[in-house]
Every structure is written in structure tokens, then in C-alpha cells.
Amino acid sequence: MINPATGAVFTTVPSLDLAATDAAIDRAQKAFDRWRAVAPGDRARLLRRFATVVEDHLEELAQVEVRNAGHTIGNARWEAGNVRDVLNYYAGAPERLSGRQIPVPGGLDVTFHEPLGVVGIIVPWNFPMPIAGWGFAPALAAGNTVVLKPAELTPLTAIRLGELALEAGLPEDVFQVLPGKGSVVGQRFVTHPAVRKVCFTGSTAVGKSIMAGCAEQVKRVTLELGGKSANVVFADADLEAAAAAAPGAVFDNAGQDCCARSRLLVEASVYDKFLALLEPAVTKFRVADPSSEMSEMGPLISSGQRDTVASYVDGADVAFRGSAPDSDGWWFPPTVLLASGAADRHWREEIFGPVVSVLPFRDEAEAIRLANDTEYGLSGSIWTRDVGRALRVSRAVETGALSVNSNSSVRYWTPFGGMKQSGLGRELGPDALLSFTDVKNVFISMGA
């Protein structure tokens, strides 16, 4: 494991082979019948206890994430708290997972939501803790057992969460964390017949291969994939507020966020004014040691990611840049690029770094056309004081999660997921639990 802020190795983690992966899946399959038989109230209590144990270890988990993933300490604390909150939210689900009674002639017809079995969760390196929780909390609440593969670069918090689950009293083998290569552990989730669903968050290319593999066994799949979200600023918006919020919308987590608003569309009549407001907000964005309470952005995850991000900036029209430490580690300054048109590579492709492209638009119709001119559709923002426009544009933009006069994407109370090549299915919110179940219909005849 390498600290992205220093480039130094600080520990090692075993990498499971195929035999160890199969053994873990077999244990999860054996544990399934015991776990699904746990009374809903008891399952709920165990999940609440798991949340309490996470609460007791919030600072420990946050400090691990700072060192392992390069997240700022403020972000890491929020992420650990999100795991706690998601566990508490879905702890209320087992006792409310009710079916329906459907009127039919000749008898009684009822439905049940049955757990699927073993669920395989493949977690990315950009948000290791919360994305893990978005998968395992509803899966466990619905009565499934879980095998979770953390990203090779950032497995430490997931491993610790697995230990805390046992400390909280979850039965052995109900929730297992399996560090290892995606080509070994992750691929086995796809091919093993006992794994009945795969949840994957990562690149669109890998997501497509996972979906194809799951199709071989008609296996359930949830995919949260790439993004190239638009931040649309109309002339009637609160420009000062929009400009002040824009850096955090793309530079948070060093831009390593599928929801990053990396395409900034500004109405032409206020384009110059908006850039003048944006520049000080970018140059003041604090890029520093992620363990510092004052840091707003840490390093990129790896030297390879830094090289990839730099390749988009080389030769591009740079409007202005912020600063970054000139020291060991994978640092990159916040950067604003001027797009010459919608064909620019930095405008079209997901950079996954602290780089935002800016392009003017003439009117509402062009803003919608440019926002939709992408293969992705994960998130986005609209800034306007006109409520009618906010509703029209929100309905017209092809994306799974939108904010008006805000850059937020994720709330655990509400559905999250993408359209087009940004994914399949929805996580979080009241309905996510149902995606970890099958609906069983039972008809009881009343006789002659």
C-alpha cells in the first residue's frame, strides 16, 4: 500500500488467489440459509449494532483513508460517517420488507421479497468506504450474504469494516472482505454460480465486460460507471454563488469522482463575468497535506493517474490554475481549460482529475443539447432563479441525478444511479433494498 501524498510504501495486504476466493464464496453460500432465517427484528438490531461500532471507530477509519487513499481528513470523516448512516438507514428495512395482497378470484394471492443468496460487491478506489456501504448495507438487510472485493489500491478501510462487522456480532461468513486482483477475485464473482448478483462501481469499459459475463448466467447486476457531468449556469443565476461552488463540484477528491461537474456550461452573455468570479475561487482552493484540517484537496491516487490527467492538459488552452505542493506524492493543481468546442478531447472524455472545461452557450435549447451531447448521464447541476426553466431543463437533461442551485449528487435517502453508459440500476433510497430480492408470488386456493 502506497501513501499518495508521499509516494511511500507503508504496509502490505495479502492478495487472494482463486482457491481462497472460491472457499470464501462457499462459506458465504453455507451462511446464507442461517442469515436469511434470522428474525427481521434481530437482523435489524445487528445492523444497528454494526452502525454503532462504526461510529465508535470513525476517527480510526478516517485516518486510515487519509493515508491509503489521499482523501482530506474532512472528507474521510464524512465518508466513515456515511457508512454509519447508511447502516442505520437500512437497519430499518428488515421489519418493513413487506409484499402485497393482490385481489384475485378463487383464493388469496400474496407476494414475498426473497433474498437472492450471495451478493458480490466490487468497490472502486475513489470512494472505498461509502460505496462499499451502499452495497453491503441493503444487501445484508434483505437477508443476503456478502463477499466484497475492495480496490487493489485502497483495501484497508474495507478490511477494517469486515472486522468491525464481526465485532458487532454479525455471524461468521455473512460479510467477508476479499482483497485481491480484479482479474481473480472480481472475475470469480462474475463466473461463480453461487454469486447471484454483482454490484460494480468503476469504469464503463470494465462494467460492460462484467455485464456480459453476468449475462451468461442470467445474473443480476448493478453498475455505477463513468460520468462527464455538466454544470449549467444561466445568466439569471446567482453567479457569485455558482462560481464559488464550482471548484468544489469538480476538484473535490482531486476530481476523482464520477459525479464531478467537469463540463462547465455558461450562458454567453455572462461568460466573461463568470470566469472573472471563478478565477479567485480556483486559485484559493487549498491543495495541501490531506491530514491537515485546512486541506480542501489532496493528491491523485497514483503516478499513473497523474500522468493520465496531465495528458489532457498538455497543449490545451489553460485559462488559469491553482497551486499544489511541489513535493513527493501524486499532486496536480486545480486547472481550468477553455474548450474551443464540443469536440475537444478534454470536453468529451472522463479525465478523473482536477480539471474542468468551460464552454459558452447561447440559449436554453443549446444548453440542453450540449449537456446531452455525451455518452454519459450520471449527475449534473443547473443554476437559475427561474423555477420554470429549472423544471424544463431538469426534465430535458439525460442524467440520473440533478441538483438545482446546488452541486450535490448523493443522499442516502434518495435513489442514485446513471443513465446511458453511466450505469444500470439504482443504489440508495427506499427502493434499493428491492434490487437485492426476488419477488415470489403465492396463490392459496379457497377450494370449491
Side-chain angles (χ1 to χ4, degrees), residues 1-15 49-88 121 123-137 148-168 170 175-180 201 248 251-257 285-303 305-306 324-325 327-332 354 410 412:
M1 298 296 102
I2 297 174
N3 185 332
T6 65
V9 174
F10 65 92
T11 191
T12 60
V13 169
S15 183
R49 192 180 304 162
F50 189 4
T52 299
V53 174
V54 171
E55 167 78 26
D56 293 339
H57 292 80
L58 286 185
E59 187 64 19
E60 174 200 342
L61 289 164
Q63 294 291 345
V64 170
E65 207 70 290
V66 169
R67 185 168 55 166
N68 192 189
H71 290 191
T72 63
I73 184 60
N75 280 7
R77 286 172 180 148
W78 179 91
E79 290 157 18
N82 183 257
V83 176
R84 172 206 58 207
D85 293 343
V86 170
L87 278 166
N88 272 322
I121 300 171
V123 179
W125 50 258
N126 60 330
F127 290 104
M129 278 194 286
I131 292 177
W134 301 352
F136 70 67
L148 184 147
K149 193 203 89 66
E152 294 163 55
L153 294 173
T154 56
L156 297 182
T157 46
I159 291 171
R160 186 65 179 129
L161 286 169
E163 296 168 350
L164 295 179
L166 292 174
E167 185 178 321
L170 265 71
F175 175 41
Q176 300 176 71
V177 178
L178 313 182
T201 301
F251 303 145
D252 184 63
N253 199 30
Q256 299 166 131
D257 182 354
F285 206 76
R286 295 186 299 271
V287 183
D289 180 347
S291 65
S292 167
E293 301 282 349
M294 300 299 293
S295 179
E296 293 178 286
M297 184 182 118
L300 292 165
I301 189 64
S302 67
S303 60
Q305 186 64 18
R306 184 178 60 180
S327 60
D328 292 338
W330 321 129
W331 300 96
F332 199 91
V410 177
Y412 61 83

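Sequence positions, counted from 1, serve as the residue numbers for this chain.
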Apply the test side-chain contact (heavy atoms from CB on, under 4.5 Å) to residues L156 and F10: give CA-CA distance (whole Å), side-chain angles for both, the deciding distance (0.1 Å), then the verdict.
CA-CA 12 Å; L156 297 182; F10 65 92; 3.7 Å; yes
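- Counting only heavy atoms from C-beta outward, the side chains of S291 and R67 never approach each other to under 4.5 Å.
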Apply the test side-chain contact (heavy atoms from CB on, under 4.5 Å) to residues F136 and V123: give CA-CA distance (whole Å), side-chain angles for both, the deciding distance (0.1 Å), then the verdict.
CA-CA 11 Å; F136 70 67; V123 179; over 6 Å; no
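- Atom CG of residue L61 and atom CG of residue L161 lie 5.5 Å apart, to the nearest 0.5 angstrom.
- Contact check for S15 versus E152: no side-chain heavy atoms found under the 4.5 Å cut-off.
- Of the inter-residue distances, the one linking Q176 atom CD with L148 atom CG reads 10.5 Å to the nearest 0.5 angstrom.
- For the pair Q256 and P299, the tightest heavy-atom approach, listed with the atom from each and the gap, is NE2-O, 3.9 Å.
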Could you check R77 against L58 for side-chain contact (heavy atoms from CB on, under 4.5 Å), going step by step and ending with a plain yes or no?
CA-CA 7 Å; R77 286 172 180 148; L58 286 185; over 6 Å; no
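- Across all non-hydrogen atoms, the minimal contact from A254 to L300 is O-CD2, 3.6 Å.
- Shown here for E79 and M129, the closest heavy-atom pair between the two residues is CB-CE, 4.1 Å.
- Sorted by first then second residue, the side-chain hydrogen bond (donor to acceptor under 3.5 Å, both in side chains) pairs that include residues 155-168, not counting sequence neighbours, are E60-R160, E65-T157, R160-E163.
- The OH atom of Y412 sits 8.0 Å away from the CZ atom of R84 when rounded to the nearest 0.5 Å.
- Side-chain contact between I301 and N126: absent, with no pair of heavy atoms (C-beta onward) separated by less than 4.5 Å.
- Taking the side chain as every heavy atom from C-beta outward, V177 and P150 approach each other to under 4.5 Å.
- Under a 3.5 Å cut-off, the side chain of R306 and the backbone N or O of G329 do form a donor-acceptor pair.
- Shortest non-hydrogen contact noted between P325 and V287 is CD-O, 3.6 Å.
- Nearest heavy atoms, A288 versus W331: O-CH2, 3.3 Å.
- To the nearest 0.5 Å, the span separating CG on N3 from OG1 on T11 amounts to 12.0 Å.
- Of the listed residues (T201, T154, D257, N75), just one forms a side-chain contact (heavy atoms from CB on, under 4.5 Å) with F127, and that residue is D257.
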Is there a side-chain contact (heavy atoms from CB on, under 4.5 Å) between F251 and E296? Walk through the geometry before answering.
CA-CA 9 Å; F251 303 145; E296 293 178 286; over 6 Å; no
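- Nearest heavy-atom pair, P130 versus N82, reported as atom, atom and distance to 0.1 Å: CB-OD1, 3.4 Å.
- If you take OG1 on T6 and CH2 on W330, they are separated by 8.5 Å, rounding to the nearest 0.5 Å.
- Separation of atoms CZ (F285) and CG (D252) is listed at 6.5 Å; rounding is to 0.5 Å.
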